[in-house]
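First the structure, in the form of C-alpha cells, and then the observations on it.
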Amino acid sequence: MNFKPMRLSVFFLPTLKETPAEAQIVSHRLMLRAGMIHQESAGIYSWLPLGIRVLKKIEGIIRAEQDGAGAQEILMPTIQSADIWRESGRYDDYGREMLRITDRHDREMLYGPTNEEMVTGILRDHLRSYRDLPLMLYHIQWKFRDEVRPRFGIMRGREFLMKDCYSFDLDFEGSKRAYNAMFAAYLRTFARLGLKAVPVVADPGAIGGNMSHEFHILAETGESTIFYDAAYDDLDLDMENPDIEALRGIYAAEEEKHDPADCPVPPERLKQAKGIEVGHIFYFGTKYSKSMGLTVTKADGEEITPEMGSYGIGVSRLPAAIIEASHDENGIVWPDSVAPFQVGLVNLKTNDADCLALCEDIYARLENAGIETLYDDRDERPGAKFANMDLIGLPWQLVVGPRGVKAGTVELKRRASGEKEELSLDSALARLIP
RNA sequence: CGGGGCGUGGCGCAGUCUGGUAGCGCACCUGCUUUGGGAGCAGGGGGUCGGAGGUUCGAAUCCUCUCGCCCCGACCA
C-alpha cells in the first residue's frame, strides 16, 4: 500500500479551525477538523481524501493478516435477498435494525448487516466433499445496521465498513484451529495498527454460539465496560508468535459475562475499564450450516454438516479508535503504519526563491524514493502551516525556512514526541528514506 | 424507544423572553504591508433565519404542524 505524494495546494483537505458543534468525542472532532470525513446524515459519512487513505491503510494491514492466517478474500454484495434470511430464521428475529427495502418487482431485499447466510449459501452451492475443507473466506464490505441512536461519528455509524471472515470445518477440532488462527491474526493486526487490544470473554449475543472473544481498545470513550486482570497491563506480547493459550489464561470479561462472585482475580488485581470494541470472533457450530442445509460427504460416504465460526473487525471504526488512543491537544498522532502520509514537507516561505528551490528538490527526491509526502506549498503563514500539520498528525514534519536555508539545515520534527532536530538536508533525508 | 437540547452565510455564535425587515468572529475575494506557531490595514461578496401553515399593518422573534441534527438512558458490533 503506497499512495502518491501530493501538493497541499491541490490536495482536497478541508480542515477546520473550529470544532463543529455536533462532535462530542475527541476522535469525532479531530476527524471532522482534519477533513477526513463529511457527515451525510445520522451515522452515515463520506470519506474525504485524507480519511480514505487511512481507511485503506488499515484495510491493507487487515487483508495481509487475513491472507497470512490462511483466509481467502471474496466480495459479497451489500444488498441481499430476504429469502436466505428466512432460511436461517433471522429475517424476523433481526428486528428494526435491519434496513429492509423492496425492488421494482416488490421482492423483499435488505442492506446486509452481516453475511453468515450469504456465505453459507455460496458454499452450499459449491461444496461437495470433505476434501474442500477446511476453508476460511473473508471480505471487507460495507454493512448497514439501522441503529436507534448512532453516535460518536464514525465510531457508531449506521453504515460501516467491516471485515468479516467465516470458517468452515469438518469438526470441532478444526473449528478450534481456525478460531485460534484468527485469534492470533487479530493480535498481530491490532499490534500493527499501533493498538493494544485486550481480548475479553464476551457474550456472543443474538448471533448465537458458545465460544466468543471481543477485542477491545482501552479508552475513556469506549462504550463497553470490561473487567480484566492487571497482568494485562504489563504484558509484553510477542506479536509475531503470540502465546494464545497463555493469553486466554489471563482473566478478562465483558460486563455481562463478569460475575464478581465467580471471578478468579483477587480484588486488588481486578481492573475495570472502558473499551472500544474493534473485533469479535466466535464459534457457532452448525447454526447456519444446519438451518441452510450445507453438507459435505466424508470419506466413508457419510454426509456431515460443517462447523462454522465468524470473525469480525470494525474497519471503519478503527480510525476513530486509533485517534482515541493516539492524539494530543494539537491534533492526531498517527502511528506510522496507518498514517495517510509519512512526511509533511513544510515550505515556510513560498515566495523565497531559495526556500522554494530547496523544497522542490526535496519533494522530487522524496517522490523518487517512494516516500508518501504531503508538501505544503501554499502561500500561508508559518503558524497556520504548523497548526495544520500538527492537526492532521503525519509522523514526520520536514520544515524548510529561510533561516535554515541560510545555515544549510532543515528541521525534522517527530510528531509523536514533538522532538525537533536541525539537520543537514542529507542526514534528514537519510532518516526518512529507508 | 423514553428524556433533554439545538437548527440564523462555509464554521463558531449573538439576536427570540419584550414582533419593526439580520449582526459579530473566523473563513472567502481584491489591494498593500507582513512571514519560524492559526498576521495587520483598507475595500468587497455571500443568509427566502430548517420547512409548511397561521396570528399581525409587520414574524428569525408569537401559535400549530413537520423535517433534520446532537446529548443522556435503554438497545446494539
Side-chain angles (χ1 to χ4, degrees), chain A residues 14-25 28-29 32-33 35 38-45 93-98 112-116 143-164 200 202-207 212-217 221-224 254-256 275-282 310-318 320-321 329-331 346-352 355 376 378-391 397 399-407 409-411 413 418 420 422:
Chain A
T15 55
L16 303 170
K17 199 145 108 180
E18 290 176 283
T19 300
E22 73 266 17
Q24 298 298 313
I25 66 168
H28 190 195
R29 287 201 292 256
L32 290 171
R33 286 194 55 212
H38 174 85
Q39 180 167 356
E40 298 297 346
S41 49
I44 302 179
Y45 291 83
D93 292 350
Y94 222 91
R96 283 186 293 280
E97 285 223 333
M98 179 183 278
T114 179
N115 288 67
E116 280 83 5
K143 307 286 193 291
F144 196 94
R145 294 183 192 171
D146 200 357
E147 289 284 332
V148 187
R149 189 184 158 211
R151 63 186 111 172
F152 302 149
I154 218 71
M155 189 92 86
R156 176 89 175 264
R158 291 194 291 170
E159 188 184 41
F160 58 98
L161 187 61
M162 181 169 155
K163 184 285 298 180
D164 39 325
V200 308
D203 184 338
I207 207 156
S212 173
H213 282 84
E214 288 179 356
F215 291 76
H216 284 263
I217 306 305
T221 45
E223 290 194 82
S224 316
E254 209 200 2
E255 195 168 25
E256 293 81 51
I276 300 168
E277 184 189 345
V278 290
H280 192 174
I281 62 177
F282 45 96
S310 77
Y311 315 91
I313 292 180
V315 182
S316 54
R317 177 178 280 185
L318 278 163
E329 64 280 5
N330 296 320
V346 180
N347 183 349
L348 287 185
K349 195 167 181 180
T350 49
N351 59 5
D352 178 294
C355 277
D376 190 348
R378 300 169 308 156
D379 179 20
E380 289 287 341
R381 301 179 58 82
K385 295 194 172 196
F386 290 134
N388 211 51
M389 275 298 167
D390 286 348
L391 173 63
Q397 294 173 18
V399 180
V400 177
R403 211 171 64 196
V405 168
K406 278 200 187 66
T409 61
V410 294
E411 181 184 284
K413 174 178 163 180
K420 299 175 190 170
E422 294 282 336

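For A:Glu380 and B:G38, a side-chain-to-base donor-acceptor distance below 3.5 Å is absent, hydrogens and geometry of angles not being considered. A donor and an acceptor atom never sit less than 3.5 Å apart when one is taken from the side chain of A:Asp352 and the other from the base of B:U35. With hydrogens and angles left out, the side chain of A:Arg149 and the base of B:A74 share no donor-acceptor pair within 3.5 Å. Between the side chain of A:Glu18 and the base of B:G25 there is at least one donor-acceptor pair of N/O atoms closer than 3.5 Å. A donor and an acceptor atom never sit less than 3.5 Å apart when one is taken from the side chain of A:Lys17 and the other from the base of B:G37.
Contact between the side-chain N/O atoms of A:Arg145 and the OP1/OP2 oxygens of B:A77 is not found at any separation under 4.0 Å. Note on A:Gln39: a side-chain N or O is less than 4.0 Å away from OP1 or OP2 of B:C70.
Side chain of A:Arg158 to backbone of A:Asp146: no donor-acceptor contact under 3.5 angstrom is found. Side chain of A:Ser316 to main chain of A:Leu161: a donor-acceptor pair is present (N/O by atom type, distance under 3.5 Å, no hydrogens or angles). Between the side chain of A:Arg151 and the main chain of A:Arg156, no donor-acceptor pair closer than 3.5 Å is present.
Comparing B:A60 with B:G9, their C1' atoms are spaced 14 Å from each other, to the whole Å. One P atom belongs to B:C29, the other to B:G10, and the distance between them is 15 Å to the nearest Å. Here, B:G19 and B:C63 have their C1' atoms 13 Å apart, quoted to the whole Å. For B:C17 and B:G3, the C1' atoms lie 24 Å apart once the distance is rounded to whole Å. B:A22 and B:U18 are spaced 23 Å apart, taking the P atom of each and rounding to whole Å. Here the separation of B:C28 from B:C11, taken at their C1' atoms, is 12 Å to the nearest Å. Spacing between B:U56 and B:G23 at atom P, rounded to whole Å, works out to 29 Å. Separating the C1' atom of B:U64 from that of B:U55 is a span of 11 Å, rounded to the nearest Å.
With rounding to whole Å, A:Glu40 atom CD is found 13 Å from B:C70 atom P. Between the P atom of B:C71 and the CD1 atom of A:Ile25 lies a distance of 9 Å, rounded to the nearest Å. Following rounding to the nearest Å, A:Leu32 (CG) and B:G10 (P) show an atom-to-atom distance of 17 Å. If you take CZ of A:Arg156 and P of B:G73, they are 11 Å apart, rounded to a whole angstrom. Note: CZ (A:Arg378) to P (B:G36) measures 16 Å, nearest angstrom. For the pair A:Arg158 CZ and B:C69 P, the interatomic distance rounds to 7 Å; values are reported in whole Å. Atom pair A:Tyr94:OH and B:C75:P shows a separation of 17 Å (rounding to whole Å applied). One can place CD of A:Glu147 at 15 Å from C1' of B:G73, the figure rounded to the nearest angstrom.
Taking only side-chain atoms of A:Phe152, from C-beta outward, the nucleotide of B:G38, B:C70, B:C72 with the closest atom is B:C72. Picking from B:U35, B:C69, B:C75 the nucleotide with the shortest atom distance to the side chain of A:Asn351 gives B:U35. Among B:G38, B:G36, B:C13, the nucleotide with an atom closest to any side-chain atom of A:Leu391 is B:G38. Among the nucleotides B:G36, B:C71, B:U34, the one closest to the side chain of A:Arg151 is B:C71. Distances from the side chain of A:Ala387 to the nucleotides B:G38, B:A77, B:C71 place B:G38 closest. Listed nucleotides B:G38, B:C1, B:C69 differ in distance to A:Val148; the shortest reach to its side chain belongs to B:C1.
The pairing partner recorded for B:G9 is none, the criterion being a Watson-Crick or G-U wobble arrangement whose two distances lie under 3.5 angstrom. The partner of B:G20, taking Watson-Crick or G-U wobble pairs whose two distances both stay under 3.5 Å, is B:C57. Partner assigned to B:C49 is none, using Watson-Crick or G-U wobble distances below 3.5 angstrom. Both distances falling under 3.5 Å, in either a Watson-Crick or a G-U wobble arrangement, place B:G73 opposite B:C1. Nucleotide B:A39 is matched to B:U33 when pairs are restricted to Watson-Crick or G-U wobble geometry with both distances under 3.5 angstrom.
Between A:His28 and A:Arg33, the residue whose closest nucleotide on RNA chain B is further toward the 5' end is A:Arg33. Map A:Thr15 and A:Ser41 each onto its nearest nucleotide of RNA chain B; the residue landing nearer the 5' end is A:Thr15.
For A:Phe386 and B:G36, the ring-to-base geometry does not satisfy the stacking test (centroid distance below 5.5 Å, interplanar angle below 30°).
Counting any heavy atom pair closer than 4.0 Å across all strands shown, A:Gly314 reaches no nucleic acid atom. Counting non-hydrogen atoms under 4.0 angstrom, A:Gly157 reaches a base of the nucleic acid. A:Gly404 comes within contact range of at least one nucleobase, with a heavy-atom separation under 4.0 Å. Counting any heavy atom pair closer than 4.0 Å across all strands shown, A:Lys420 reaches a base atom. Within the 4.0 angstrom heavy-atom criterion, no nucleotide atom of any strand lies near A:Ala23.
Separation of atoms CD (A:Glu254) and NE2 (A:His213) is listed at 12.0 Å; rounding is to 0.5 Å. Residue A:Ile44 holds its CD1 atom at 10.0 Å from CD1 of A:Ile154, rounded to the nearest 0.5 Å. Considering CZ of A:Arg29 and CZ of A:Phe152, their distance stands at 11.5 Å, rounded to 0.5 Å.
Salt bridge status for A:Asp352 with A:Lys406: absent, with no side-chain N to carboxylate O gap under 4.0 Å.
A donor and an acceptor atom, one from each side chain of A:Ser310 and A:Glu116, are located under 3.5 Å apart.
A 4.5 Å side-chain heavy-atom check between A:Phe386 and A:Val399 finds at least one atom pair inside the cut-off.
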